[in-house]
Amino acid sequence: MNGKTRSLGEKRRRGIRMLFGHLETLPGTTWQDRWEASGFNDEQAPSVNILGRPDGRDRSDLISAVKWAFCARIIQPSLSGFRSNKFVEYGEAFRELQNDPQLDAYFAGVDAEPRLDPRHRIRAKFDLTCALTTQGIAIEHLTPSALLHYSLENRRLGLTYGANNTTNKKTRFAALGTWEILHKMGHFPPGTAPTLRTFIYNGQYTVEELVDRYGIQHPGVRQLLIDYLTRRRADTDYITADGLARNLAGLFWAKIEEINPDQADLALSQHVYDQWRADLQYWTRDKTKIRKDVASILLAVRGLYVDLHSWAVEEPERWGPWVAPCPILPRDFTGFGKRRREINRRMADRTRTRQPLLPVLVQHLEARHERLAGLLVASGQVALGDEFVHAGRHYRRSHSREDQRRAKVGLSLTVRVVDTATSELINVTLAEDAAFWEWAAVEVLRHSGIRIEELSELTHLSIRQYQRPNGEVIALLVIAPSKSERERVIPMSADLFHSVAQVVRRHTRDGLAIPLVSRYDSHEKTWSEPMPFLFQRQNGTVRGVLAPGTVLNMLARTCEEIGRTNEAFAETKFTPHDFRRLFATEIVNGGLPIHIGAALLGHLNLQTTQGYVAVFAEDIVRHYQEFLNHRRSLRSQGEYSEVAPEEWAEFEDHFDKRKVELGNCARPYGTPCQHEHACIRCPMLQVNPKMLSRLTELEKDLLARRKRAEEEQWLGEIDGIDMTLTFLRAKQAEAARLTRRPAVDLGLPRPRSEGD
């Protein structure tokens, strides 16, 4: 036995004498009775290290002693009593003393998970051993309900596993990764949900449950609403049925019963109806917040009365007794069209306000991710405690006790640094990960115009290709059926393809396939089949798909951050749907026919697309209407016909004719060059990064011409050359930026074989 081991043994024995010496002074016939009498098992209990000397020299001895007592099952602590003490590597110590083959198999399964870094492996081991310790059972007796109880108790007590088993009132469910590993091992009975979240979430409510949420007192009206929603449920999705139940049961009849508890049918008196309409104007009972969308509730209630009238003709014995005059008259909808136009006006103003701010937001996101990615690489190459310089700022690799402990157990994937100028501690690994996903989400949203739900539904199988007759291959993004229940295809631009490629490369950078995960649909309250979703990331011990609310919160924080230095962002926030409106405005105002724009956006009605487009000048409206009138006069079959093969061939030829020496011309479809092929000065020129050397040659030639013009005093020529140089250098900078974004060959997704 070496000196270090002997020292640890002496410290443990000293701690055992102190701990059990204190317990001997307490009432009880067993150590468990005395432990419960000590107060260390209560909620909000203190740590046992308070038994040590005031100078704190005995604290580690006491923690070591109670750790040994828990592992040896001499004492069974409560969850609060266990977590009030801060243990290091408790899982390994517990396994060594238990000598349980099933527990050894679980630890081997955790270590074999390729997507878990060492920190998450320790968390998965800790959660299981903590549950077994506090519940006093072996792993063979651990049921799904027992693990769920452990997770819910952690959530109730506000406990999480951090650097030192610290507490956090915003903790998520514990043992998420533990559940998945046990399920993969076949530990749980057949049919058990593969994840803890799937096991917890109730899924869709039945029609009866949707109605009973609002406490309808009259049994006849309750059954009527259930029957009505059951019939309507056949031709609507779940979220529509949920909203209809809220409008009819919650905002209509539950309020009617509050106003007139004796109301037994749908024939409302004028007084009751007027009182209901007055209360409907407010969101809250204290009438401090005005409800903006009253029309949707009135339409739902009027639809109920009208449907009962029509259904009573077919089934009078079922619906006839409930037929009554509808209290909502047509005049109640007066001004509805005006309100819709006001909403469209506000949305157009919102788009016009945010369009000039979009480049600022994009530049901030891109610069932040590039800075953090570079900082992650630079800090990962230095030892703990070493100082280094990155991008002109001085940093020091954090070397706290926690960092040293992590490095000792192999937690090198988490890098933390200290900004020496501000003393700010930065978890570079987490910061870079969050910056990347926010950048990727914004890039895909603004270049594709898809909805935020469609973004979260993108999978590796969404990436397809189309080969044109001339052999050119075009990348496509297939959007799964969403709001309109129609699948659509979006040709990917270079920027969109680059963003998607970066996401795929991030998932496959270790030579692994994109993991298969299940996605929870918060609208339909259902879980998807395991699929290779693109916007998934590691969150603690589990992988999950990026939720729409997460993207919204990311954008809010970023806009607040930019607002500290840019007044335009002080009271302006971006939402994911803003990028969809900006995309629609850009493509339609850029000359793309509106019926093609509607197809790209997935709109079934051109009126919807027009509502998305923000107009910036009156002449755009006038010219656009003239364009539509002219096309309608030429095409008798209407503007909504399918694209003819000749039109598609002409569409493809247009892009072939836009290729120039320095790159590609981005002029709108169907328009000739309006700048007399002065490409250097033309804002439509998209420079190919491969032509940077050619731009350098042109710059040298222009500088030589300018020198000659100065010698000859050709002042007009000098002004023209200076303007050309300004445009040329701007294009050089843009091309140089693109060279820092290398293209990635994704290959093509293929169906999985049974052997995969």
Side-chain angles (χ1 to χ4, degrees), residues 202 204-233 235-313 315-340 342-343 523 525:
N202 295 323
Q204 296 183 353
Y205 289 110
T206 64
V207 174
E208 290 81 0
E209 291 171 334
L210 290 175
V211 174
D212 290 341
R213 289 182 300 178
Y214 304 102
I216 303 299
Q217 299 297 319
H218 194 282
V221 176
R222 172 186 174 275
Q223 190 59 46
L224 169 67
L225 294 176
I226 291 174
D227 294 341
Y228 177 78
L229 290 172
T230 300
R231 180 162 177 173
R232 290 292 307 275
R233 182 72 176 90
D235 58 354
T236 59
D237 55 12
Y238 178 78
I239 189 173
T240 303
D242 186 18
L244 194 59
R246 180 171 57 254
N247 288 335
L248 295 180
L251 297 177
F252 174 54
W253 196 255
K255 300 296 183 183
I256 293 296
E257 288 188 338
E258 290 181 7
I259 297 171
N260 182 17
D262 297 328
Q263 187 73 39
D265 54 27
L266 300 184
L268 305 181
S269 66
Q270 190 63 40
H271 170 72
V272 172
Y273 174 70
D274 291 341
Q275 182 63 40
W276 174 70
R277 279 297 309 274
D279 294 343
L280 194 63
Q281 304 299 318
Y282 302 97
W283 266 105
T284 56
R285 293 182 179 274
D286 57 4
K287 299 182 179 182
T288 57
K289 189 175 182 180
I290 302 295
R291 187 189 304 276
K292 293 183 179 180
D293 187 16
V294 177
S296 63
I297 304 172
L298 298 180
L299 286 172
V301 175
R302 184 173 176 81
L304 170 66
Y305 280 85
V306 173
D307 287 340
L308 291 178
H309 278 80
S310 61
W311 295 351
V313 176
E315 301 178 82
E317 69 284 351
R318 182 178 183 184
W319 308 107
W322 295 102
V323 172
C326 181
I328 304 175
L329 302 178
R331 66 169 179 266
D332 293 330
F333 294 97
T334 301
F336 178 70
K338 181 180 179 181
R339 288 192 293 272
R340 291 301 308 172
E342 176 63 21
I343 293 175
H523 295 304
K525 310 297 182 185

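Computed from a predicted model, the values in this text were never measured in an experiment. Sequential numbering from 1 along the given sequence is applied to the chain's residues.
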Next on the checklist: Give me each pair satisfying salt bridge (charged side-chain N to carboxylate O under 4.0 Å, His left out) with a member in residues 204-226, each pair once, sequence neighbours excluded.
Outcome noted: Asp212-Arg222, Arg213-Asp242
Item to check | side chain to side chain contact (heavy atoms under 4.5 Å, CB included) partners of Leu251, counting only residues at least two apart | outcome: Asn247, Arg291, Ile297
Item to check | Audit row: His271, Asn260, side-chain contact (heavy atoms from CB on, under 4.5 Å) steps and yes/no | outcome: CA-CA 10 Å; His271 170 72; Asn260 182 17; over 6 Å; no
Checklist outcome for this item: By side chain to side chain donor-acceptor pair (under 3.5 Å), His309 pairs with (sequence neighbours left out) none
Checklist entry - Roughly how far, to the nearest 0.5 Å, is the CH2 atom of Trp253 from the NE2 atom of His218? => result 7.5 Å
Checklist entry - Who pairs with Tyr282 by side chain to side chain contact (heavy atoms under 4.5 Å, CB included), at least two apart in sequence or on another chain? => result Lys287, Ile290
Checklist entry - Is any side-chain heavy atom of Leu308 closer than 4.5 Å to a side-chain heavy atom of Leu224? => result yes
Item to check | Closest heavy-atom pair and its distance - Ala312, Val323 | outcome: CB-CG2, 3.6 Å
Checklist entry - Does the side-chain contact (heavy atoms from CB on, under 4.5 Å) test come out yes or no for Leu244 and Thr236, once each step is laid out? => result CA-CA 10 Å; Leu244 194 59; Thr236 59; over 6 Å; no
Checklist outcome for this item: Of all heavy-atom pairs linking Ala324 and Ala267, the shortest is CB-N, 3.8 Å
Next on the checklist: Holding to salt bridge (charged side-chain N to carboxylate O under 4.0 Å, His left out), I want the full list of residues that pass it with Arg302, two or more places apart in sequence or in another chain.
Outcome noted: none
Checklist entry - Considering residues at least two apart in sequence or located in another chain, which fulfil the ring pair (Phe, Tyr, Trp, His ring centres under 6.0 Å) criterion with Tyr214? => result none
Checklist outcome for this item: With sequence neighbours left out, the residues meeting side chain to side chain donor-acceptor pair (under 3.5 Å) with Thr240 are Asp237
Checklist entry - So, for Tyr305 and Pro325, which heavy atoms are closest and what is the spacing to 0.1 Å? => result CE2-O, 3.6 Å
Checklist entry - Roughly how far, to the nearest 0.5 Å, is the OH atom of Tyr228 from the CG atom of Asp307? => result 3.5 Å
Checklist entry - For the atom pair CG (Leu268) and CZ (Phe252), what is the distance rounded to the nearest 0.5 Å? => result 5.0 Å
Checklist entry - Which residue pairs satisfy the side chain to side chain donor-acceptor pair (under 3.5 Å) criterion with at least one member in residues 316-330, sequence neighbours excluded? => result Glu315-Trp319
Checklist entry - Counting only heavy atoms not in Tyr205, do more than 12 sit closer than 6.0 Å to its OH atom? => result no
Checklist entry - Of all residues at least two apart in sequence or in a different chain, which pass the side chain to side chain donor-acceptor pair (under 3.5 Å) check with Arg246? => result none
Checklist outcome for this item: Heavy-atom closest pair (Ala245 atom, Leu229 atom, distance to 0.1 Å) is CB-CD1, 3.7 Å
Checklist entry - Excluding sequence neighbours, so at least two apart, what forms side chain to side chain donor-acceptor pair (under 3.5 Å) with Gln223? => result Asp227
Item to check | Nearest-0.5 Å distance that lies between atom OG1 in Thr230 and atom CG in Leu225 | outcome: 10.5 Å
Item to check | Pairs where residues 247-268 contributes a residue and the test salt bridge (charged side-chain N to carboxylate O under 4.0 Å, His left out) is met, not counting sequence neighbours | outcome: Glu258-Arg285
Checklist entry - With sequence neighbours left out, what residues match Ile259 under side chain to side chain contact (heavy atoms under 4.5 Å, CB included)? => result Val272, Gln275, Trp276, Asp279
